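In what follows, a structure is listed as structure tokens, so that the remarks can point back to it.
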Number of protein chains: 4
Amino acid sequence: MIVVLKDNPNQKQLDNLIQWLKSLQLEINYSQGKNTTILGLIGDTSTVDIDLIAALDIVADVKRITEPYKNVNRKFHPEDTVVDVSGVKIGGGNFQIIAGPCSVESLEQIVSVAESVKASGAGMLRGGAFKPRTSPYAFQGMRDKGIALLLEAKKVSGLPIVSEIMDLSQLSLFEEVDLIQVGARNMQNFELLKELGKIRKPILLKRGLSSTLQELLMSAEYILAGGNGQVILCERGIRTFETSTRNTLDLSAIPLLKSMSHLPVIVDPSHATGLSKLVKPMALGAAAVGADGLLIEVHNDPVHALCDGQQSLTPEAFDELAECIRQIMPFAYKANH
Amino acid sequence: MIVVLKDNPNQKQLDNLIQWLKSLQLEINYSQGKNTTILGLIGDTSTVDIDLIAALDIVADVKRITEPYKNVNRKFHPEDTVVDVSGVKIGGGNFQIIAGPCSVESLEQIVSVAESVKASGAGMLRGGAFKPRTSPYAFQGMRDKGIALLLEAKKVSGLPIVSEIMDLSQLSLFEEVDLIQVGARNMQNFELLKELGKIRKPILLKRGLSSTLQELLMSAEYILAGGNGQVILCERGIRTFETSTRNTLDLSAIPLLKSMSHLPVIVDPSHATGLSKLVKPMALGAAAVGADGLLIEVHNDPVHALCDGQQSLTPEAFDELAECIRQIMPFAYKANH
Amino acid sequence: MIVVLKDNPNQKQLDNLIQWLKSLQLEINYSQGKNTTILGLIGDTSTVDIDLIAALDIVADVKRITEPYKNVNRKFHPEDTVVDVSGVKIGGGNFQIIAGPCSVESLEQIVSVAESVKASGAGMLRGGAFKPRTSPYAFQGMRDKGIALLLEAKKVSGLPIVSEIMDLSQLSLFEEVDLIQVGARNMQNFELLKELGKIRKPILLKRGLSSTLQELLMSAEYILAGGNGQVILCERGIRTFETSTRNTLDLSAIPLLKSMSHLPVIVDPSHATGLSKLVKPMALGAAAVGADGLLIEVHNDPVHALCDGQQSLTPEAFDELAECIRQIMPFAYKANH
Amino acid sequence: MIVVLKDNPNQKQLDNLIQWLKSLQLEINYSQGKNTTILGLIGDTSTVDIDLIAALDIVADVKRITEPYKNVNRKFHPEDTVVDVSGVKIGGGNFQIIAGPCSVESLEQIVSVAESVKASGAGMLRGGAFKPRTSPYAFQGMRDKGIALLLEAKKVSGLPIVSEIMDLSQLSLFEEVDLIQVGARNMQNFELLKELGKIRKPILLKRGLSSTLQELLMSAEYILAGGNGQVILCERGIRTFETSTRNTLDLSAIPLLKSMSHLPVIVDPSHATGLSKLVKPMALGAAAVGADGLLIEVHNDPVHALCDGQQSLTPEAFDELAECIRQIMPFAYKANH
């Protein structure tokens, strides 16, 4: 960490600062230029509160040289983390497609989708029971009933299940859910992250709509710092000025996150684009760029259902996508390793 | 609401759609052009799920003509809402400055700040007990202890207190807090919003870092739809590409929100800019633009304290700011009414 | 186009509006609801100035149903345009890699890079002669001298050359340049676009840093409306809040642009990411998503040169990238067709 | 400037780097930590190409401590620059309102607007002759004819005139224009900026839609480096995700630009918001925040004209705005000084 001091710093404040920094076990390299005085802090600065230093009267600027995250940092954990979701492995060369409907709607629906995506090669079943909706008047999900139906579908299909938690108070309902999803809007729900750090169940952490990669890793750090190392990161689009897609899918996040961290990284092209016609090309792109998996929305009966999410694929379209992914994966894997 | 159909829509699907729309008590105006067929939906569309319609196979596009919010809409509630925070009024011509430290640190600190900001004319005392921090290693606030100290400061100073809730589980601790703040990161914590709709206590709802004004109003709608009409909106900066300020303070949000809604709108220049030198000019700007109040960070002892938040003002600087605001307000109010 | 009128519009103004719309050969569908009156405009609205209508006193809102672009619109030109760059075809199933250094620096450098990228399979040679630089103190390119060196490299290697024009006054220097690049900062230099519409030479049009896809197409429309149909579109990253890459490469732009327009779409992963380690994965991603080509920076002698652009590849790394692309292309093409 | 080296840098490359830096007259402070080696560069780094250094193999990161701009930097020119536009002063305590129509449409129109805005207190007349339009089918301005009409209006009213140049080739037409405007889309048209640096006429430089404040200053630096010190900066809104205003007016740019630079800063609330109802409040906000002037669109005959720019004020509304500004200015000035 580099601390740039203002011109002619108050000596007493400077002494206080240096004394405090030393108390944090940091070595200090003092460099006095004609106009600028710089303190180079050497040691473990990941736990230093950068805002605290930046706020000092005598400080002009503080710049990090090393990362503020530690447990998720690939530097200190060079091998890929492989997350085990009830026997289904993801990361470290294990590629998985997680598929299923946006919302659980009925037993028939979820079982039918589960069986069809399993047949197409999906490794896990997703389904929303608690739905974050912008409007209080929009469908909020089947809630505990939805979780129960997912568990039925798991029993029938044998697929591990993934569902989103929206509040700490729902945690007990997720006991038999195999992979707990933290949605984009909750990526910085720090109280929730702390609790998820205490359990021993894999977590799927989605990037917030306006979160930097470093903030995503800091949120993962909350979970790992609590003792739970089984975290999967998910890129799902960021908010930009472009309005022709719902969000802008940032595929460069994949190689960057994988260089910064050892955690697996998957991609959700359905929510990112909001358009079913973009799901296949962006899924292929994600695989080519080096993702460890995909999260794809699949709906079973778009012809008769009133609501066929405009971002959902039919089982047939999903089957074709899965086949294309299988064909492209060996080349993508080879190119990225 | 305008529903634009694709060319040659499937007749059966079209019949289903029209039947369903009629079941929602909407009148339908069918307009057939050479290339485009349009359904105009007339009636109360605020509770219609636009995504649901957009997702239909036969639909090319859906565009709202009327707003998706109702309780917060000025159209249906033309007079300004005046929020009463334990006797201190805000909105409808009542301008208030809420001031205090970022974090509650000690009894001495909070009481001293409370007394000084009261002397300068602040109407309420703010102080953080639960602190949302990007890093798990940063100071997380004094939590329940902090709330207790705030209550002490309230007793001494007579100022109503404002503090941020971070999770539903903390709600019981906020029983004597006069105004509950929902932070930017929780603006779309819908489970929390629903619960806050059930209580009878004013809520200060901050705009999310990447939330549109409409999304902010939809989050307020969650609270009002639950029966709690005492909501204050707060603009606190949005995330943009510009990095010289922490966020970009969007002052145009003030007149826009006030034309869209009857709720009071205040501004937090401290968090928005992250730079103490910008707090006064942006506070003046907010007042001139028509804000109903300000949220200002004030720290009591910046000289000796190690941590003087770089966005905090000293009590002296705050006193000067408050005086400037008092001078500019009559002209601002006249100009905006 | 849908014109939503305000409540109780002034009848005379409404008559004026309707008369004017009819003079534009538009058919008008008048739809009177209880609260909302809507005019549906049917006919060729691509040349209607939407701002002009939106600005009218009696108009509440105007919404386009059809696109504001015509010549670039795939609807009116369903087959892919194939651009012919001095015999090298791009688009319509023809995939090309354009490679070369950021700046032309010397004859030796540009010839050496030309020969090596040709050997690796590049179809064209790029090189900057005029360099848009944020700072007046940064290297501004070799200018006319650089163009001359590119022409030498073209003679030696046989590769068509691509270079960026920065101002109309440079046009005469580009007579023998095979493909003229319009950079991101000039995407809305409308005087330049108009002139480029008058010449008969292919144009490579880069998306602006903060331009929507529709704006990119409108800029291409300027060139096509002038009579020059040989335009290649290039996605090169947009400006967002994320700072870990220079820009955010928006790969979803590829399938969207190709559905909106018949023009070829290529991707520049070097400038988008600004990091050489991301060039290969993002190039693979672009190919998988369906791009018609790539623009890749290659530098010949990174060990001895002081300035090895941090986004440039060595010839060896480029050779490996090109080989990976060749392997993945058949699968990508099949998946996207 | 701080150069952070990678672990175990190649000694020969390091020697080359140090030798080269010394040749730039920079003093080098070498600081060797356990894991990190840092070079502190002391001296005039404003002309150092940061990308060039960042691109080196042995370099992990480069961070600027001092600004990359020099002529526009307040550090080296502490007093406010006062720009003199044919006798009308702006900056250094001189506040000016520049008003007029978006486009020059006729002699009658421009003379009428000129006289009315002069009567209301405007110091200069603006009017577009060359109009940058997203669509090739939208009105492109009266061009040279428009400039001629502006000159007529100048003769009649005595007001200095301001108009936008879109291309170098138009420069000769601007000989009698008192203040040449460079629009947002041309902020980084570096060839244009270089030429404008050579003339002796004040320049009004608008911030690009996605330009940082530093980039705006670097563009101004192009003009000042060329020898033309008469530059006025203009904040006119930036592109963000928010769609309820055309752009997001960033009023914090005013105090920041004025602390970074000595140049005057004005604000264009008309283009920024795109909504006439927001022009007055945002103009008041700009004045309160410390702007040196305003750029306001005024149209003369909105009742009969078909096109009343939705961002334009009537002369009556402008007169009221100007009066409010006059009342608020003394308090704003006192507060900000």
Side-chain angles (χ1 to χ4, degrees), chain A residues 13 16-17 20 46-57 59 68-70 130 132-140 166-170 185-194 197 208-211 214-215 218-219 221-222 225-226 238-239 302-304 306-312, chain B residues 13 16-17 20 46-57 59 68-70 130 132-140 166-170 185-194 197 208-211 214-215 218-219 221-222 225-226 238-239 274 302-303 306-312:
Chain A
Q13 289 183 296
N16 282 346
L17 173 60
W20 179 72
S46 70
T47 61
V48 174
D49 190 343
I50 190 168
D51 292 341
L52 216 129
I53 298 176
L56 288 167
D57 252 14
V59 171
Y69 43 86
K70 202 171 168 173
F130 297 93
R133 301 304 301 267
T134 305
S135 165
Y137 309 119
F139 176 54
Q140 310 271 322
M166 279 180 62
D167 188 77
L168 259 184
S169 59
Q170 298 156 357
R185 287 176 183 77
N186 271 321
M187 192 203 86
Q188 293 193 320
N189 184 332
F190 301 116
E191 300 297 311
L192 180 60
L193 297 177
K194 282 180 205 168
L209 268 79
S210 63
S211 298
Q214 181 170 303
E215 286 168 344
M218 292 309 288
S219 285
E221 184 80 11
Y222 262 95
I238 56 174
R239 189 160 265 194
V303 182
H304 298 100
L306 181 66
C307 167
D308 165 31
Q310 63 179 345
Q311 70 204 20
S312 290
Chain B
Q13 290 183 297
N16 282 347
L17 173 60
W20 179 72
S46 70
T47 62
V48 175
D49 190 342
I50 191 169
D51 292 339
L52 215 128
I53 298 176
L56 287 169
D57 252 14
V59 172
Y69 43 86
K70 203 171 168 174
F130 298 91
R133 301 301 303 267
T134 304
S135 166
Y137 309 117
F139 176 53
Q140 309 271 322
M166 278 179 63
D167 188 78
L168 260 184
S169 59
Q170 299 155 356
R185 287 176 183 77
N186 271 320
M187 191 202 86
Q188 293 194 321
N189 184 333
F190 301 117
E191 299 297 310
L192 179 61
L193 298 177
K194 282 180 205 169
L209 268 80
S210 63
S211 297
Q214 181 170 303
E215 286 169 343
M218 292 309 289
S219 285
E221 184 80 14
Y222 262 94
I238 57 174
R239 188 161 266 192
V303 182
L306 179 68
C307 166
D308 165 30
Q310 65 179 345
Q311 70 203 21
S312 290

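First the proteins, then the strands, lettered A, B, ... as listed; each starts at 1. What you see below is based on every heavy atom in this structure, not just the backbone, and it leaves out hydrogens, waters and symmetry mates. Note that the coordinates shown come from a computational prediction; the quantities given were computed from them, not determined experimentally.
Contact count against chain B (heavy-atom pairs under 4.5 Å) is highest for A:Tyr222 among A:Tyr137, A:Tyr222, A:Phe190. Among B:Leu168, B:Ile53, B:Leu209, B:Leu192, the residue with the largest count of heavy-atom pairs under 4.5 Å with chain A is B:Leu168. Between chain A and the options B:Lys70, B:Gln140, B:Lys194, B:Met187, the largest number of non-hydrogen pairs under 4.5 Å is found for B:Gln140. When the candidates A:Arg133, A:Gln170, A:Gln188, A:Met218 are compared by the number of heavy-atom contacts under 4.5 Å with chain B, A:Arg133 comes out ahead.
With a 4.5 angstrom heavy-atom cutoff, A:Pro68 touches chain B only via backbone atoms. For A:Arg185, the parts lying near chain B are the backbone and the side chain together; criterion is any non-hydrogen pair under 4.5 Å.
For the residue pair A:Ile238 and A:Gly208, the shortest heavy atom distance occurs at CG2-O, 4.4 Å.
Here the straight-line distance linking atom CG of B:Asn189 with atom CG of A:Asp167 works out to 6.0 Å at 0.5 Å rounding. Atoms OG1 and CD, on A:Thr134 and B:Glu221 in that order, are 12.5 Å from each other to the nearest 0.5 Å.
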